[in-house]
Amino acid sequence: MKLFFILTAIFIASISLIFRTPLQELFNNITTYKSTATNTVNTSKTSSSIETPMTAVNTIKNTMSKALSHAKIVPRRSTERGHADHGWLNSYHTFSFAGYYDPKFQNFGSLRVLNEDRVAGGSGFPTHPHRDAEIFSYILNGELTHRDSMIKKGSEGTQGDDFFRMKRNDVQFTTGGRGIAHSEQNESDEEVHFLQIWALPWSRGLTPRYHTKTFSEEAKRSSFLPILSPLKAGPGASEAEEKAAEPTLENTIPIHADFVMGAGIIGVDKRFKWTVGADAVKKTTGRNIYVHVPMTKNGNAKIRLDGREDAVLGRSIGEAEAEVVVLDSD
């Protein structure tokens, strides 16, 4: 399988990139810059136009390899994302969400929502319903308590899938399916910073379910660590297979979609590699890869890209490590 890489670094920004595989080559020694920019790279087989006129974009265009002549690169500045500041909640929307609507940014493959949220201490999202969506929270800093609507505050007992006080490196996952209700509250005194991500499932009316899991920060510092992978039994899973919830990749959370999530913390002068589909998906061509660099490190992270047909590498060349989330969708 051809390998795929998308990495970058920014100042108070995130990166969004789509690639449709297979590709002959990807990037050739592209260095991103400290800026307030969100860059979308959308590759197709017919276009290499750059839609947004800006200095950083022109620099990237001038350094692209000729192998990208079939690709369409669409950089997007961070300030172009949807933004809502409610006082208790400061949220940036990559895709159309709530009061933000942009017909050009509705979804990337199965990826439907990517919100970067900061919630003040002592506040949060009260009990609310979900259905027919795969929803997961990736905690960057702080604490966020997930509580099923059936569990009353003060009578939770031990932590489990339906009650979990999440901290950095924790991921909480919800299959909305036929309908489910939960709350997400910051019950601490400090702000919590996390990613709220939704994916569209491969079928509607699934059995609602929760999963929670802690992922090793040490492992994320050594390579991209798989976080989610498709339910191994696939769309035709039996009730028993749904209950067993076995993921395609060991030690990941199963998702009802042809979708893989990975995360890595690239130290200064280190290189990471991402494989398209992570050897876990059914659809191996025409995939959409989205990369997000959270708004952290005060702009001191930089990434240089070096792509080849059989290996795609990312090297951190900034003053600080770069935390990177990869969302690999059909």
Side-chain angles (χ1 to χ4, degrees), residues 1-9 15-30 32 39-45 65 67-68 70-71 73 108-111 114 134 136 138 171 197 199 202 213 215-232 234 246-255 257-267 270-293 303-316 321-330:
M1 177 183 295
K2 291 184 174 62
L3 297 175
F4 173 84
F5 163 86
I6 326 172
L7 284 179
T8 187
I15 303 300
S16 39
L17 308 111
I18 296 181
F19 286 84
R20 304 189 193 283
T21 57
L23 300 176
Q24 294 304 307
E25 288 188 27
L26 297 177
F27 289 110
N28 181 28
N29 294 329
I30 302 174
T32 58
N39 298 327
T40 303
V41 179
N42 183 358
T43 70
S44 66
K45 297 180 179 179
S65 150
L68 278 175
H70 63 285
I73 314 298
F108 288 162
S110 296
L111 179 60
L114 173 52
E134 305 287 276
F136 37 109
Y138 180 89
V171 174
I197 309 169
W202 51 41
K213 191 172 179 64
F215 293 88
S216 165
E217 177 140 347
E218 182 180 358
K220 287 191 284 186
R221 292 183 186 279
S222 63
S223 64
F224 280 120
L225 179 67
I227 304 294
L228 306 177
S229 68
L231 180 72
K232 189 172 184 179
E246 182 181 358
T248 300
L249 300 178
E250 288 187 30
N251 300 315
T252 62
I253 294 173
I255 183 171
D258 202 35
F259 187 104
V260 186
M261 174 182 174
I265 304 170
I266 308 178
K270 289 190 176 181
R271 297 174 183 241
F272 281 10
K273 178 175 66 177
W274 177 255
T275 302
V276 175
D279 296 324
V281 299
K282 300 295 185 183
K283 180 183 177 184
T284 57
T285 60
R287 296 195 64 78
N288 298 311
I289 315 297
Y290 180 94
V291 170
H292 184 78
V293 180
I303 298 295
R304 173 166 290 165
L305 311 182
D306 181 13
R308 301 179 180 86
E309 183 175 2
D310 295 323
V312 189
L313 308 174
R315 179 183 176 187
S316 176
E321 63 190 16
E323 185 158 8
V324 180
V325 173
V326 180
L327 303 165
D328 186 334
S329 173
D330 56 3

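Remember, it's a predicted structure, so these values are computed and weren't measured experimentally.
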Reported [atom1]-to-[atom2] distance for the pair [X] and [Y], which is rounded to 0.5 angstrom:
X	Y	atom1	atom2	value
I253	L231	CD1	CG	13.0 Å
I227	K213	CD1	NZ	9.5 Å
I266	S223	CD1	OG	10.5 Å
N288	L327	CG	CG	11.5 Å
K220	E323	NZ	CD	5.0 Å
S229	F259	OG	CZ	11.5 Å

- Task: Quick one: list whatever passes side chain to side chain donor-acceptor pair (under 3.5 Å) with S329, sequence neighbours left out.
- Result: none

- Item | Set of residues satisfying side chain to side chain donor-acceptor pair (under 3.5 Å) with respect to T248, sequence neighbours excluded | none

- Item | V260 vs V281 side-chain heavy atoms within contact, under 4.5 Å | yes

I need the minimum non-hydrogen distance between [X] and [Y], along with the two atoms involved.
X	Y	value
W202	D258	CE3-N, 3.9 Å
V326	F224	CG2-CE2, 3.8 Å
M261	Y138	CE-CD1, 3.6 Å
T285	K283	O-CE, 2.9 Å
G267	E321	CA-CB, 3.9 Å
A199	I255	CB-CD1, 4.0 Å

- Partner residues of S216 under the side-chain contact (heavy atoms from CB on, under 4.5 Å) criterion, sequence neighbours left out: E218, A219

- Message: Determine whether W274 and D328 satisfy the following criterion, side chain to side chain donor-acceptor pair (under 3.5 Å), listing intermediate values before the conclusion.
- Response: CA-CA 10 Å; W274 177 255; D328 186 334; 3.2 Å; yes

- Message: Students often mix this up, so state it plainly: with edges at 30° and 60°, are the rings of Y290 and F108 parallel, tilted or perpendicular?
- Response: tilted

